[in-house]
Amino acid sequence: MRGIKRLIKTALVAAGCVLVFLSCAGAEEKGFSDVKGSDWYYDTVMEMSDKGVLSGYSDGSFRPDANITAAEYISVLCRLKGLSPTQAQSGHWAAPLLQTALDKGWYDYDENPPTGEKFDLPIERQLAVKILIKAFAGDGLSYDYNTESAKIKDFDMLSGRYYDTVLFAYKDGLVEGDSDGRFRPAGYLTRAEACTLIKKACDKYNSDTGDTETAPMTPVTPYDKPAQTPAPISGGISRNGALKVIGTSLCGEDGTPVVLKGISTHGLQWFPNFTSKEYIKAAADRGANVIRFAMYTEEGGYIQSPSVKNTLVSGVDNALACDMYAIIDWHILSDGNPMTHINEAKDFFAEMAEKYKDAKGVIYEICNEPNGSVSWSEDIKPYAEEIISVIRAYDGDGVILVGSPTWSQDIDKAAADRIAAENIMYTCHFYAGTHTDWLRDRIKTAVGSGLPVFISEWGVSDASGSGGVFEEETKKWLDFMNENGLSRCSWSYCDKNESSALLMSGSDPSDGLSDSELSAAGKIVFDDMQ
Ligand code: IDC
């Protein structure tokens with residue numbers, strides 16, 4: 001059997017199925033922690049990963065038994081066939097390639113709508129086979145209906161629209177069915193099975209791989225439906241990889257829910273020293289896995305002093321070097337309408353998205369706190385849609401955070417009129433001395449209705465940033481965030497003389513954060529990260 005597989009391998013290479021390599025771990029490695037030489041799929045998985053068709057994970061695993069999603073499977077085939085991305089409706093990372101596949105007739109609209117609602121769901125076996133056959137064998141398929149259908153024990157489960165392609169696949173030996181002779185048409189396909197199918201097709205049809213260089217590779221990850229009650233994990237970029245939003249959960253690259261716990265800087269125009277690598281590392285050493293860089297637009301910020309962008313960029317680079325996720329925060333505040341500086345915002349986010357499109361740890365927060373006479377549906381949402389499309393032109397899948405009216409408290413407005421894009425979360429901000437049960441209830445309702453929420457700014461003080469430390473209410477909020485798996489950043493990582501500041505005045509954490517440098521706020525916030 002091995003020998004046959006080796007032969008197939010030789011044929012595959014000779015056929016020109018040499019594909020683009022992924023930059024992820026796995027492609028050049030000798031083996032995977034969860035793929036043994038005795039596994040039936042060993043040779044195929046090794047070969048497919050060597051060729052960069054499906055890569056492994058940074059933790060050394062391949063996850064052969066995880067289900068492959070529609071987006072992952074179809075984009076692999078698109079790249080194999082050298083298809084180029086097309087203008088897409090959805091902001092999902094795979095949308096441009098999947099649009100091309102849809103336009104080519106590999107599948108129908110309802111099977112996988114370009115709006116993206118099925119992209120991150122496991123692909124059904126009957127649809128996977130149909131797409132494979134369309135991609136490799138085209139139309140005009142001939143086979144003997146009686147002969148092929150007799151091979152499939154659960155033929156009555158197969159939907160009529162897949163007769164042609166599935167029966168043809170049986171005739172050509174691409175599909176064999178399980179040990180009971182069943183095809184399980186509506187079942188899912190594991191990564192190992194997807195490798196096998198694709199390899200067989202490459203071999204059988206002597207695939208012309210086309211110009212695979214034209215399409216950028218996005219790491220292929222398995223889909224794991226998040227548990228109902230998320231069991232979040234922590235850790236930085238090396239542990240969780242590129243983040244994505246599944247349902248209401250922020251998830252790591254492998255689909256496991258993640259909770260980011262960290263800090264926000266104060267205004268970068270006032271506290272640039274808190275972006276140094278040493279200061280950031282001091283926070284990481286205390287358990288923070290995310291840092292938000294608050295680049296004010298007003299009050300001497302970016303609009304008046306564009307060079308503050310350099311402070312932000314060096315902070316982001318330092319955070320990534322410390323294995324922390326970094327949030328690029330367009331910190332609107334004194335002018336609460338994001339439309340006021342939309343042109344500057346577009347240029348800024350285009351530059352940031354181009355610069356960080358390949359960084360796994362960057363998150364974009366496009367409007368800190370809209371406020372004043374500003375409406376979700378008429379101002380913020382249209383602003384967000386424009387900025388999201390600017391970002392997506394470069395970075396197809398980075399997580400984007402969107403604020404809402406009343407200093408990012410009106411998430412109910414956003415929940416009632418959501419943005420049609422992937423990997424978007426909605427921010428809700430609170431200050432323990434000002435916001436209580438009513439805002440927790442609002443978050444609960446919004447999340448319950450399916451809205452993904454990220455607490456990108458919160459404080460132990462009142463909403464002025466001062467007024468004392470509200471310990472009891474802070475505890476309620478921390479319990480609430482833990483129960484609901486909410487990611488958060490605490491205002492603020494600086495030593496200003498105000499109660500929300502996490503450090504005592506005059507602190508210098510360049511050699512690490514000592515206990516005596518933590519303010520009352522800092523003690524609570526960093527304790528929560530342990
Ligand atoms: C506050 C700072 C304070 C500064 C003020 C105005 O703590 O030192 O003088 O901004 O620039 C927010 C804002 C955040 C505020 C914070 C506390 O996003 O910029 O910082 N807050 O008022 N929203 C709610 C509270």
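Start at 1 and go down the list; that is how both ligands and their atoms are numbered. Atoms considered below: every heavy atom in the structure, side chains included; atoms not considered: hydrogens, waters and symmetry mates.
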Q. Does the side chain of Tyr279 pick up a donor-acceptor pair with the side chain of Asp508 at under 3.5 Å?
A. yes
Q.
Is it the case that the ring center of Tyr431 lies less than 6.0 angstrom away from the ring center of Trp491?
A. no
Q | Winner among Ala463, Gly459, Ala294 once heavy atoms are compared against atom 17 (C) of ligand 1 | A | Ala463
Q: Check whether more than 12 heavy atoms from other residues, nucleotides or ligands sit under 6.0 Å from atom NZ of Lys381, and answer yes or no.
A: yes
Q: Enumerate the atoms of ligand 1 whose separation from the nearest heavy atom of Trp270 is less than 4.0 angstrom.
A: 11 (O)
Q: Assert yes or no for the condition that the ring centre distance of Tyr302 to Phe348 is strictly below 6.0 Å.
A: yes
Q) Which of these, Glu498, Lys496, Glu299, has its nearest heavy atom closest to atom 9 (O) of ligand 1? A) Lys496
Q | Trp477 and His435 aromatic centres sub-6.0 Å | A | no
Q. Does at least one non-hydrogen atom of Trp491 fall below 4.0 angstrom from an atom of ligand 1?
A. yes
**Q.** Which of the ligand 1 atoms, numbered from 1, are nearer than 4.0 Å to a heavy atom of His266
**A.** 2 (C), 3 (C), 7 (O), 8 (O)
Q: Please answer whether the main-chain N or O of Ser377 pairs with a side-chain N or O of Asp417 as donor and acceptor at a distance below 3.5 Å.
A: no
Q.
Nearest 0.5 Å, please: how far is NZ in Lys261 from OG in Ser487?
A. 9.5 Å
Q: Can you pull out the closest protein heavy atom to atom 24 (C) of ligand 1? Residue, atom name and distance to 0.1 Å, please.
A: Tyr431 CE1, 3.2 Å
Q: Heavy-atom contacts with Asn368 under 4.0 Å: which atoms of ligand 1 show up? List them by number with element.
A: 18 (O)
(Q) Please list the nearest protein heavy atom to atom 1 (C) of ligand 1 with its residue and the distance rounded to 0.1 Å. (A) Tyr296 OH, 3.9 Å
Q | Subset of ligand 1 atoms that lie under 4.0 Å from at least one heavy atom of Ser464 | A | 17 (C), 22 (O)
(Q) Against ligand 1, does Gly267 come closer than 4.0 Å with any heavy atom? (A) no
Q) Which atoms of ligand 1 have any heavy atom of His331 under 4.0 Å away? A) 13 (C), 14 (C), 18 (O), 19 (O)
Q) What do you reckon, is CE of Met529 surrounded by more than 12 foreign heavy atoms closer than 6.0 Å? A) yes
